[in-house]
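Starting from 1, each residue takes its place in the sequence as its number. Just so it is clear, the structure is predicted and the values come from calculations on it, not from any experiment. Both counts, for ligands and for their atoms, begin at 1 and track the order of listing.
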Amino acid sequence: FVLPAISESSASRAALPADVGGVLGVGVAVLDLIQEVTSYPGEDEEVRAIAQRRVRGGNVTNSLTILAQFGHSCSWIGTLGDDAAAAEIRMELVRQGIDVSQVVQIAGGTSPLSSILLSRATGSRTIVHYRDLPELDAAAFAEVSLEGLAWVHFEGRNPVETEQMIRRVRSVAPDVTISLELEKNRPDIDILFDGPHVLLAGQAFARARGWQTPTVLLEELAGRSRADLCVVAWGEQGAALQRREGPIQQVPAVVPPRVVDTLGAGDVFNAGVMDGLLRGLPALDAVRHAVRIAGAKCGRMGLDLRD
Ligand code: ADP
Ligand code: FRU
């Protein structure tokens with residue numbers, strides 16, 4: 001088995017073992033309107049963008065895009081409006097080889113939209129997100145097929161409903177690995193800590209809880225969760241991980257020659273952890289792989305990691 005390499009050889013060339021099951025992602029899809037500026041403007045300034053892109057975003061669908069490039073069979077479940085943006089989002093997911101046949105369309109609903117300023121000077125991304133769409137609920141998730149899956153990944157949102165969804169996966173498909181992204185600190189989010197096998201936390205989540213370092217976050221999660229593995233991504237510092245009752249391990253970031261676009265770095269990182277573990281890598285190697293592809297992503301525009 002060879003880790004998928006990017007840049008000099010295409011990720012898609014690293015064959016995935018044929019018996020690996022599919023990945024189902026549960027979360028949101030968004031229309032991202034990205035304007036690239038030379039540097040981040042001040043309030044009330046008027047500046048001209050140097051480039052613009054209109055793409056499908058959203059954490060879980062971003063991660064699925066990467067997993068699909070690495071050869072995984074991917075499907076997405078979430079809600080969409082019935083507007084033009086929904087059609088655009090669906091089309092892009094289909095083009096990227098992601099199954100959207102079980103998506104819930106909300107009559108009269110408006111699809112989520114993000115206005116994003118990307119600074120060429122630093123690669124920073126500033127996101128203004130609008131959403132006014134009901135979240136996927138447990139009743140809808142109960143209808144979703146879990147056939148042929150190896151992995152279900154949840155965004156840590158809508159905790160009361162998500163907790164029931166996680167419980168369903170554990171009882172109906174006990175062999176399926178469940179991961180949960182902890183990106184934002186939401187009311188009741190703690191009820192989700194104990195169900196998943198893998199917790200994927202981020203810096204913003206940690207800081208919102210008052211946990212100022214990766215070590216503190218991992219210690220706090222270890223006291224609240226029986227997950228087999230907790231991982232935390234920490235921007236340009238890289239990542240840290242802890243297996244249940246194991247030591248905390250640090251993985252430094254892999255910094256590209258020039259940071260041009262950090263939008264979705266965390267989503268790429270999460271995909272890297274899932275991809276590595278699905279290929280049977282030990283946890284530390286899976287996180288090294290995740291850091292490597294997230295770093296490479298920061299060095300290029302967009303989420304196409306193939307040549
Ligand atoms: P998010 O996109 O959720 O804000 P992070 O900023 O924590 O996510 O980044 C996720 C991962 O991406 C980090 O753990 C790191 O491996 C990689 N990464 C992020 N920013 C950089 C950077 N400037 N240089 C190299 N790697 C980076
Ligand atoms: C990046 C991203 C964007 C989206 C926003 C949603 O991680 O998923 O694609 O607009 O975050 O919060």
Is there at least one pair of N or O atoms, one from [X] and one from ligand 2, spaced under 3.5 Å apart?
{"X": "E183", "result": "no"}
{"X": "N62", "result": "yes"}
{"X": "G58", "result": "yes"}

*Run the numbers for me: atoms of ligand 1, each under 4.0 Å from some heavy atom of V291, listed by number.*
16 (O)
*asked:* So if I count the atoms of ligand 1 from 1 in the order they appear, which ones are less than 4.0 Å from some heavy atom of V259?
replied: 23 (N)
Could you find the nearest protein heavy atom to [atom] and give me its residue, atom name and distance?
{"atom": "atom 9 (O) of ligand 2", "answer": "D32 OD2, 2.6 Å"}
{"atom": "atom 22 (C) of ligand 1", "answer": "E236 CB, 3.8 Å"}
{"atom": "atom 1 (C) of ligand 2", "answer": "D267 OD2, 3.4 Å"}
{"atom": "atom 26 (N) of ligand 1", "answer": "G295 CA, 3.7 Å"}

*So which of R170, R226, R244 actually passes side chain to side chain donor-acceptor pair (under 3.5 Å) with H197?*
R170
Selected option - heavy-atom contact closest to [atom], from [options]:
{"atom": "atom 14 (O) of ligand 1", "options": "G238, G264, C298", "result": "G238"}
{"atom": "atom 3 (O) of ligand 1", "options": "G266, A253, A233", "result": "G266"}
{"atom": "atom 25 (C) of ligand 1", "options": "I127, N59, V254, D267", "result": "V254"}
{"atom": "atom 5 (P) of ligand 1", "options": "A201, A294, P256, G235", "result": "G235"}

*If you take all heavy atoms of D188 and P159, which pair is closest and at what distance?*
O-CB, 3.4 Å
*If every non-hydrogen atom of L218 is compared with every non-hydrogen atom of Q242, which pair is closest and at what distance?*
O-OE1, 3.5 Å
Is the backbone of [Y] close enough, under 3.5 Å, to the side chain of [X] for a donor and an acceptor to pair up by distance?
{"X": "S225", "Y": "A222", "answer": "no"}
{"X": "S63", "Y": "N270", "answer": "no"}
{"X": "S114", "Y": "I127", "answer": "no"}

*Measure the distances from the heavy atoms of R125 to every atom of ligand 1 and state whether one is below 4.0 angstrom.*
yes
*For ligand 2, indicate whether the residue N59 contacts it via side chain, backbone, both or neither (heavy-atom separation under 4.0 Å).*
both
*Flag the pair D261 and K297 as a salt bridge only when some basic side-chain nitrogen lies within less than 4.0 angstrom of an acidic carboxylate oxygen.*
yes
*Are R54 and E88 ion-paired here, with the side-chain N under 4.0 Å from a carboxylate O?*
yes
*Does ligand 1 have a heavy atom under 4.0 Å from the side chain of R292, from its backbone, from both, or from neither?*
neither
Atoms of ligand 2, numbered as shown, that sit under 4.0 Å from any heavy atom of [X]:
{"X": "G57", "value": "9 (O)"}
{"X": "V30", "value": "10 (O)"}
{"X": "S114", "value": "4 (C), 10 (O)"}

*Drop me the distance from I66's CD1 to L303's CG, to the nearest 0.5 angstrom.*
5.0 Å
*So how far is it from I116 CD1 to R53 CZ, rounded to the nearest 0.5 Å?*
8.5 Å
*Do R120 and S39 meet the criterion of a side-chain donor-acceptor pair at a distance under 3.5 Å?*
no
*asked:* Using a 6.0 Å cut-off, check whether atom CD of E147 has over 12 heavy atoms from anything other than its own residue.
replied: no
